[in-house]
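Below is one structure, written out as structure tokens, with a few remarks after it.
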Amino acid sequence: MTDDKKKLIFIVCIGLALGLFLKLFVVDILHVSGRSMLPAIKDGDTLVVNKLAYGLIRPYGEKLLLQWAKPQEDDIVIFLYNNKIVVKRCIATGGQTLAYSDDSVYTLHVGDKDIPLTESQWQNLRNIEAVPSGYILAVGDNYEESVDSRTYGFVSERNILGKVICR
């Protein structure tokens, strides 16, 4: 084998290793399937996700190995739910107060946002006064079609795999 071929093979191997490293730890490109984040994110949109936004994730896992930042209100985050990557908006962070109304429509009040609830969601959440420390309330922008924290509960910050940086 000639030196030129050896160099080419070496460069290709380094490129593949670098690409794999970037995909596993730094940045990911995802295609959206679903309508839960309408109108901000549409079905079929492509998202660029910063996997280092909150910490170092375990490759092929669903937890952070090391955390150095926490999600903020209005961040669009990705995490695993039922072995699928989901995209939701962080509505509230640990310690943030939750208020409810049950007049003619069930509603969750978080800061200046009013989020509609079904009766079963209201029953599940109504006694919780604040988001637990280390967790977020993650909700899809399309309230009617989103399955989110209103149904399955709060999301651990350690399970957040990244932050959407471009859509």
Spacing of Thr107 atom OG1 and Trp122 atom CH2 [to the nearest 0.5 Å]: 11.0 Å
Ionic contact status for Asp75 with Lys163, cut-off 4.0 Å: yes
Student check: side-chain heavy atoms of Lys42 and Val32 closer than 4.5 Å: no
Minimum side-chain heavy-atom gap Ile85-Leu30 below 4.5 Å: yes
Heavy-atom side-chain proximity of Tyr152 to Asn124 below 4.5 angstrom: no
Flag side-chain contact, heavy atom, 4.5 Å: Thr97 against Glu129: no
Residue pairs passing the side-chain hydrogen bond (donor to acceptor under 3.5 Å, both in side chains) test where at least one lies in residues 78-90, sequence neighbours excluded: Ser36-Lys88, Lys88-Ser146, Arg89-Asp141
Check: Tyr54 side chain, Glu157 main-chain N or O, donor-acceptor pair, under 3.5 Å: no
Single-linkage hydrophobic cluster, 4.5 Å side-chain cutoff, Leu161 and Ile41 together: yes
Backbone of Gln123 reached by a side-chain donor or acceptor of Gln121 within 3.5 Å: no
Distance, nearest 0.5 Å, that separates OG of Ser149 from CG of Leu137: 5.0 Å
Could you list the donor-acceptor pairs under 3.5 angstrom formed between side-chain atoms of residues 12-26 and any protein atom two or more places apart in sequence or on another chain?
unit_1	atom_1	unit_2	atom_2	d
Lys23	NZ	Asp28	OD1	2.3
Lys23	NZ	Asp28	OD2	3.3

From Ile57, Leu56, Ile160, Asn159, residue fulfilling side chain to side chain contact (heavy atoms under 4.5 Å, CB included) relative to Leu64: Ile57
Thr46 vs Ile29 side-chain heavy atoms within contact, under 4.5 Å: yes
Backbone of Tyr143 reached by a side-chain donor or acceptor of Arg150 within 3.5 Å: yes
Tyr135 atom OH, neighbour heavy-atom count above 12 within 6.0 Å: no
Side chain Asp43, main chain Gly34, donor-acceptor under 3.5 Å: yes
Sub-4.5 Å side-chain heavy-atom contact between Lys113 and Glu73: yes
For Arg35, all residues meeting side-chain hydrogen bond (donor to acceptor under 3.5 Å, both in side chains), sequence neighbours excluded: Glu145
Heavy-atom side-chain proximity of Tyr106 to Thr118 below 4.5 angstrom: no
